[in-house]
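Since the structure comes first, as structure tokens, the remarks are kept for the end.
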Protein chains: 2
Amino acid sequence: MFEQEQEAHSFFLLLDGHVRVIKTTPDGQEVTVRYISPGELMGIAHALGRTTYPASAIAAIDCVLLAWPGHLWPKFANAFPNFGANTYKTVGSRLQDAHTRVVEMSTEQVDQRVAHALLKLVKQTGRKTDEGIMIDFPISRQDIAEMTGTTLHTVSRLLSSWEEKGLVKSGREKVTVVEPHRLLVLAEGRTGKN
Amino acid sequence: MFEQEQEAHSFFLLLDGHVRVIKTTPDGQEVTVRYISPGELMGIAHALGRTTYPASAIAAIDCVLLAWPGHLWPKFANAFPNFGANTYKTVGSRLQDAHTRVVEMSTEQVDQRVAHALLKLVKQTGRKTDEGIMIDFPISRQDIAEMTGTTLHTVSRLLSSWEEKGLVKSGREKVTVVEPHRLLVLAEGRTGKN
DNA sequence: CGAGCCATTGATTGCCCTCAAATCTTGTGG
DNA sequence: CCACAAGATTTGAGGGCAATCAATGGCTCG
């Protein structure tokens, strides 16, 4: 969709689908910053006084989106006051999300971080099924690892162990949370291991 | 100065001194989000559509600051267009900082994170001395640990080993970077250990 | 039906946290 | 001016969590 460091030519409104926003380190490792859901703005570098995109955006599944050239941003902000105000509220909540991530990475074990990540995805994009709440796009162990700063191996082990205990069900690029409440207990408390 | 979750009654402009912004987890661990330097705004919850402070602010040394009641924010933004624009640029750069932190926490070892933290502090608040560049306020091993998601013990070991190699000089609540360039190499590369 | 990716699982290693105790620095009060 | 207390720092020993290394098995799609 767009690439890190690239000239910020446009900004977008996601109508349908899911987009993964990633940052790539100089040595090639990728970190997932966030997932964008339908209805959200993206590529709003202009609003923050930037001229290049700070991250890359990749469609997690097929998407439908609107795009405007970046130079229209000031016009929009002037013409629709609510547009501007709303944007800054969005930016504020992203800043908060980022800080939450920092706190989590600083204080929590890997299993708690993975649990939190799953719960966030479920809350954001969950679709109810007869087995539980499913994350509504294909997501691999590798993807989850890039969200939580761990490896796909560790994620795989955690999901396997949670599946044994009936907390989740998972398959190829697919995760369903069966018991959100018990998963939350695991995410918050430092009580029961694995 | 103000406390996390507290009603955001005021916003501030720091004139002199240094302020530590921290978040506290439910179980009492503290994570340092950032340090504020003279000339920066703080407590700008209002600009982001919040009514409570998202973090706590504590003076790292004696400070001088201006405070305005929060309800004046909209007035300021209207009266001085540059004021608003500048604020959002500030918020944008903080968002970027936070994302950088997330990437660092996800991909780097502890020694790299500590090196990056020292370099950032030196760049932000450094004062030139005849031995190198000193961080311009009292900062303990514990403080550095809270910035980097590690323990004071590990920070102590790292500083000791760096002092042996002539990269830094440190004392009680005091750190001086002697060779910023070599420290940067250590922060970036994954070559030489300890 | 084979190629390519995704996932699972075991074994091993090592970084860094935890626990523990001694030493140093600074400020205070007698 | 000295003794002492409180907090900061150093350093050692040991252990655990998760990364790394390694190999196999399973799912999809062309």
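Letters A, B, ... are given to chains in the order of the sequence lines, protein chains preceding strands, and every chain is numbered from 1.
- Whole-Å rounding puts the B:E173 CD to C:dC24 C1' distance at 13 Å.
- The side chain of A:S170 approaches C:dT8 more closely than any other nucleotide in the set D:dT10, D:dA18, C:dT8.
- Residue-to-nucleotide contacts include no donor-acceptor pair under 3.5 Å from the side chain of A:R141 to the base of C:dT9.
- In this structure the side chain of A:M42 reaches within 4.5 angstrom of the side chain of A:F2, judged on heavy atoms.
- As rounded to whole Å, 15 Å separates atom C1' of D:dT9 from atom CD1 of B:I139.
- For B:T154, a side-chain nitrogen or oxygen approaches OP1 or OP2 of C:dC17 to under 4.0 Å.
- Rounded to an integer number of Å, the gap from CD of B:Q142 to C1' of D:dT10 is 15 Å.
- Remark: B:K120 NZ is packed, more than 12 non-hydrogen atoms of other residues, nucleotides or ligands lying under 6.0 Å away.
- Atoms NZ (B:K174) and P (D:dT10) sit 12 Å apart, rounded to a whole Å.
- In the set D:dA18, D:dG7, C:dC5, D:dA18 carries the atom at the smallest distance from any side-chain atom of A:V110.
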query: When you look at A:F76 and A:W68, which way does the ring-ring contact (aromatic ring centres under 6.0 Å, His included) test go after all the steps?
result: CA-CA 10 Å; A:F76 271 51; A:W68 293 272; 5.5 Å; yes
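- A close approach under 4.0 Å does occur between a side-chain nitrogen or oxygen of B:S156 and OP1 or OP2 of D:dT10.
- Applying the 4.0 Å criterion to OP1 and OP2 of D:dT11, one finds that B:S160 has a side-chain N or O inside that range.
- Between A:D111 atom CG and D:dA18 atom C1' there is a gap of 11 Å when expressed in whole angstrom units.
- In this structure, A:Q29 atom CD and D:dT20 atom P are separated by 8 Å, rounded to whole Å.
- The distance from atom CG of B:L152 to atom C1' of D:dG12 is 15 Å, rounded to the nearest whole Å.
- Between D:dA18 and A:T150, no contact under 4.0 Å exists linking OP1 or OP2 to a side-chain N or O.
- A donor atom on one side chain and an acceptor atom on the other are not found under 3.5 Å apart for B:S56 and B:R20.
- The hydrophobic clustering, which links ILVMFWY residues whose side-chain heavy atoms are closer than 4.5 Å, places A:V19 and A:I135 apart.
- Dashed line: the shortest gap from a side-chain N or O of B:S140 to OP1 or OP2 of D:dG7 is not under 4.0 Å.
- If you check distances only, the side chain of B:H153 never reaches the base of D:dT9 with a donor-acceptor pair under 3.5 Å.
- Atom C1' of nucleotide D:dT9 and atom CZ of B:R157 are separated by 11 Å, given to the nearest angstrom.
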